[in-house]
Amino acid sequence: MNTQIETLLSAQQIATRVAELAAEINKDYAGKDILLVGTLKGAYIFLADLSRYLPERTQIDFLKVSSYGDSTSPETAVQFDQHPTIDLKNKHVLLVEDIVDTGHTLAFLRKYLHTKNPASLRVCALLDKPSRREANLDPIEYLGFSIPDKFVIGYGLDYAQCYRNLPYIGVLQS
Ligand code: IMP
Ligand code: MG
């Protein structure tokens with residue numbers, strides 16, 4: 001159990017950035033009710049922290065997708081494990097993502113969420129690894145941090161389903 005983890009973003013850095021993102025969101029959505037849709041499992045802590053800065057009429061839902069690694073058509077290789085339960089029609093949907101890597105998950109989700117006819121659709125992602133991008137993506141409206149091409153853990157993000165509960169974001173040292 002002597003795993004070495006190098007801190008990439010401290011709990012304090014994350015907290016500061018989450019508050020800044022929430023302030024931007026509150027300004028942009030003034031007078032509108034938001035439906036936050038978080039992607040399980042990775043976004044659970046980010047959504048929990050972000051949501052506590054948003055107005056009391058904010059609604060919360062989750063979805064879960066997984067990729068099954070068909071390299072010939074990566075976008076269609078994303079599949080639903082759990083659909084949102086709230087009707088998204090005419091809602092101001094803000095998709096809350098933990099990390100955008102190749103971008104295939106986000107490309108798939110934007111397309112899917114549009115088919116539910118929301119009043120508006122934007123994305124709030126905590127992390128982005130732009131150097132890994134494969135999909136052709138619309139810009140991410142609210143982004144926490146751009147990070148280098150390293151596999152990160154903590155604050156919701158896992159390696160083999162562990163480390164999600166770390167209060168900071170780190171890189172596993174091998
Ligand atoms: P994409 O479809 O390649 O953009 O993949 C996004 C998903 O891959 C994320 O929601 C994570 O589940 C996973 N992922 C990508 N990079 C990392 C990482 O550095 N740490 C943990 N999970 C990651
Ligand atoms: Mg995710």
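Indexing begins at 1, ligand by ligand and atom by atom, following the structure's order.
In this structure, K150 has a heavy atom closer than 4.0 Å to ligand 1. The closest approach between any non-hydrogen atom of L106 and ligand 1 is not below 4.0 Å. Judged by the shortest distance from any of its heavy atoms, D158 lies inside the 4.0 Å radius around the atoms of ligand 1. The shortest heavy-atom distance from R132 to ligand 1 is not under 4.0 Å.
Sorted pairs that involve residues 145-154 and meet side chain to side chain donor-acceptor pair (under 3.5 Å), not counting sequence neighbours, are lacking altogether. Identified under the salt bridge (charged side-chain N to carboxylate O under 4.0 Å, His left out) test for residues 160-170, with sequence neighbours left out: D158-R164.
Checking Y142 against D28 by side-chain atom types alone, a donor-acceptor pair falls below 3.5 Å. Side-chain contact check for D49 and Y155: at least one donor-acceptor pair (N or O, by modelled atom type) lies under 3.5 Å.
Judged purely by atom type and a 3.5 angstrom limit, N26 uses its side chain to pair as donor or acceptor with the backbone of Y53. With hydrogens and angles ignored, the 3.5 Å screen pairs a side-chain donor or acceptor of Q173 with a backbone N or O of V171. Judged purely by atom type and a 3.5 angstrom limit, T7 has no side-chain atom pairing as donor or acceptor with the backbone of S10.
Of all the atoms in ligand 1, the ones that sit under 4.0 Å from a non-hydrogen atom of L157 are 21 (C), 22 (N). Residue T105 approaches ligand 1 through these ligand atoms, each under 4.0 Å from one of its heavy atoms: 1 (P), 2 (O), 5 (O), 6 (C). In summary, the atoms of ligand 1 found under 4.0 Å from a heavy atom of G103, numbered by their order in the structure, are 1 (P), 3 (O), 4 (O). For ligand 1 and K129, the ligand atoms under 4.0 Å from any heavy atom of the residue are 16 (N), 17 (C), 18 (C), 19 (O).
Of the listed residues (D101, I169, V152), the one carrying the non-hydrogen atom nearest atom 15 (C) of ligand 1 is D101. Between the choices L8, I99, T39, the shortest heavy-atom distance to atom 14 (N) of ligand 1 belongs to I99. When the options T102, D98, L40 are ranked by their closest heavy atom to atom 10 (O) of ligand 1, first place goes to D98.
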*Could you walk me through whether N117 and L88 pass side-chain contact (heavy atoms from CB on, under 4.5 Å), step by step?*
CA-CA 7 Å; N117 298 312; L88 309 182; over 6 Å; no
